[in-house]
**Q** 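Take a look at this one; I'll ask things after.
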Amino acid sequence: MKIQPFKLERYFAQYEFSAPYLLSPSDCEPFTLKELLALAGPETRKLWDNLWLGYTESRGLPALREEAAALYEHITPEDLLILTPEEGIFIAMNVLLNPGDHVIATFPGYQSLYQLAESLGCSVSRWMPRMQESRVVFDVNDLENLVREDTRLLVFNFPHNPTGALPTAEEYRRILALAEDRGLYVFSDEMYRFLEYDPRDRLPSASDLYPNAVSLFGVSKSFALPGLRIGWLATRNQEVMAQLASFKDYTTICSSAPSEILALAALRAREQVLRRNLEIIGTNLNVLDNFFAQHAQTFRWARPKAGTIAFPEYLGAQGVEAFCTGLVEKKGVMLVPAGVFDYTGQNFRLGFGRRNLPEALALLEEHLGQL
Ligand SMILES: Cc1ncc(COP(=O)(O)O)c(C=O)c1O
């Protein structure tokens, strides 16, 4: 398969380890190994100390699958396949799609969620959001209008990267009812789940509600452990699960043994881990609310409902590309302009899961004063 470059990953490759300040990351402040091990109970600590560095079980460490299954209502350890999150998207698209299929995907978005389908020879319709009372909303009526006779797969990502949008429970029910009614497979990217600012907004996993849904989750975002490269696919469709597991023999075969144990430690300490991350996000969101209130002439702020990222609009005359380039070159602060998401608006992705956000924002403010 020939595939287009992944623009976001290429952009990060350019700046992630050279720009002193990242104001656009999508993870939460990553843990150090020491901090994570301090959260591990005696049983997990023993597993870590005696870890055998051989190949691991292809489906994933049974204890990890058991702990991960506890995050769902109906999903059992047998319904899970441990892998790297990005690998999960790659495998699922290859398994679920055939050339010529029609796919609907939320847009703008994480590029692999629509790019892989295109590269596999599918046609992709973009389900675009609307602004409603300064909230970003994916309108289910718009989705209904996109479904065709030959639609095979509906791809969505809630909480959404890059806007932080999250449907209401009623909208979500309608989306899944539509999928069931029209016999569609669903790929639900749930990487930012558990980062809802109001816990009542948390949606069930699509894999719990709909047997033909494949859901993606992992420890990269909500659990602040992107360097472990651990995530999983969940589906109750056993035929699809068998195909997913079989495809993995051609990607990584099995996961990294140390990463599986460390992910297990994080899941077992989930209350502390999620509380820590939501505290960082909450503090940063207050800072951002004040910042955008003071700079309403320059930016349009749409407060997200969940996650670590938002997609504000830049209203300045120079345009968002030039603004982001000037900021990183003059102040060493990296933002991601809309073009990196193939999006034509003047928006940029802002990430607020890291502790140094106030410092980076102060530099941004200084830059605005010098424009
Ligand atoms: C929506 C979404 N899905 C999947 C991924 C892939 O996660 P990972 O980088 O841990 O493979 C990301 C990462 O940014 C993401 O934002």
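This is a predicted model, so every value here is computed, not measured. Read the numbers this way: they start at 1 and go in the same order the structure lists the ligands and their atoms. All values below were derived from every heavy atom in this structure, side-chain atoms included, with hydrogens, water molecules and symmetry-related copies excluded.
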**Q** Answer yes or no: is there an ion pair linking E57 with R65, defined by an N-O contact shorter than 4.0 Å?
**A** yes

**Q** Is R354 salt-bridged to D27, cutoff N-O under 4.0 Å?
**A**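 Salt bridge flag = yes for D27 with R354.
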
**Q** For S26, counting its heavy atoms only, list the atoms of ligand 1 lying under 4.0 Å from any of them.
**A**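 Every atom of ligand 1 under 4.0 Å from some heavy atom of S26: 14 (O).
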
**Q** Check R174 with E144, please: is the shortest side-chain N to carboxylate O separation under 4.0 Å?
**A** yes

**Q** For atom 7 (O) of ligand 1, find the nearest protein heavy atom and state the residue, atom name and distance (0.1 Å precision).
**A** P85 CB, 3.4 Å

**Q** List the closest protein heavy-atom neighbour of atom 10 (O) of ligand 1: residue, atom name, distance to the nearest 0.1 Å.
**A** S220 OG, 2.5 Å

**Q** Distance to 0.1 Å, residue and atom name: give those for the protein heavy atom nearest to atom 13 (C) of ligand 1.
**A**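 Protein heavy atom with the smallest distance to atom 13 (C) of ligand 1: K221 NZ, 2.8 Å.
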
**Q** Taking only Lys NZ, Arg NE, NH1 and NH2, and the carboxylate oxygens of Asp or Glu, determine whether E366 and K331 approach each other closer than 4.0 Å.
**A** yes

**Q** Tell me the contacting part of M191 for ligand 1: side chain, backbone, both, or neither, using a 4.0 Å heavy-atom threshold, strictly below.
**A**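 The side chain, only.
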
**Q** Just checking, R349 and Y11: is the charged tip under 6.0 Å from the six-membered ring centre and within 45° of the axis?
**A**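 No.
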
**Q** What about E86: any of its N or O atoms under 3.5 Å from an N or O on ligand 1?
**A**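 E86 vs ligand 1: N/O contact under 3.5 Å present.
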
**Q** Among N161, I89, D189, which one has a heavy atom closest to atom 2 (C) of ligand 1?
**A**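 Of the listed residues, D189 has the closest heavy atom.
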
**Q** For atom 6 (C) of ligand 1, which of the options Y110, F12, F158 provides the nearest non-hydrogen atom?
**A**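 The residue whose heavy atom sits nearest atom 6 (C) of ligand 1 is Y110.
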
**Q** Under 4.0 Å from any heavy atom of Y192, which atoms of ligand 1 are there?
**A**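 Heavy-atom distances to Y192 below 4.0 Å select 1 (C), 14 (O), 15 (C), 16 (O).
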
**Q** Is D208 paired with R236 through a side-chain N to carboxylate O contact shorter than 4.0 Å?
**A**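 No, R236 and D208 are not salt-bridged.
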
**Q** Closest approach of A165 and F158, non-hydrogen atoms and distance?
**A**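 Looking at all heavy atoms of both residues, the closest pair is O-CD2, 3.9 Å.
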
**Q** Which atoms of ligand 1 sit under 4.0 Å from any heavy atom of N157?
**A**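 Taking each heavy atom of N157 in turn, ligand 1 has 1 (C) under 4.0 Å.
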
**Q** Does R229 reach ligand 1, in the sense of a heavy atom lying below 4.0 Å from it?
**A**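 Yes.
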
**Q** Does F187 have any ring-ring contact (aromatic ring centres under 6.0 Å, His included) partners at least two apart in sequence or in another chain, and if so, which?
**A**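 Scan of F187 (ring-ring contact (aromatic ring centres under 6.0 Å, His included), adjacent residues dropped) gives none.
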
**Q** Taking non-hydrogen atoms only, is E87 closer than 4.0 angstrom to ligand 1 via side chain, backbone, both or neither?
**A**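 The answer is neither; E87 stays 4.0 Å or more away.
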
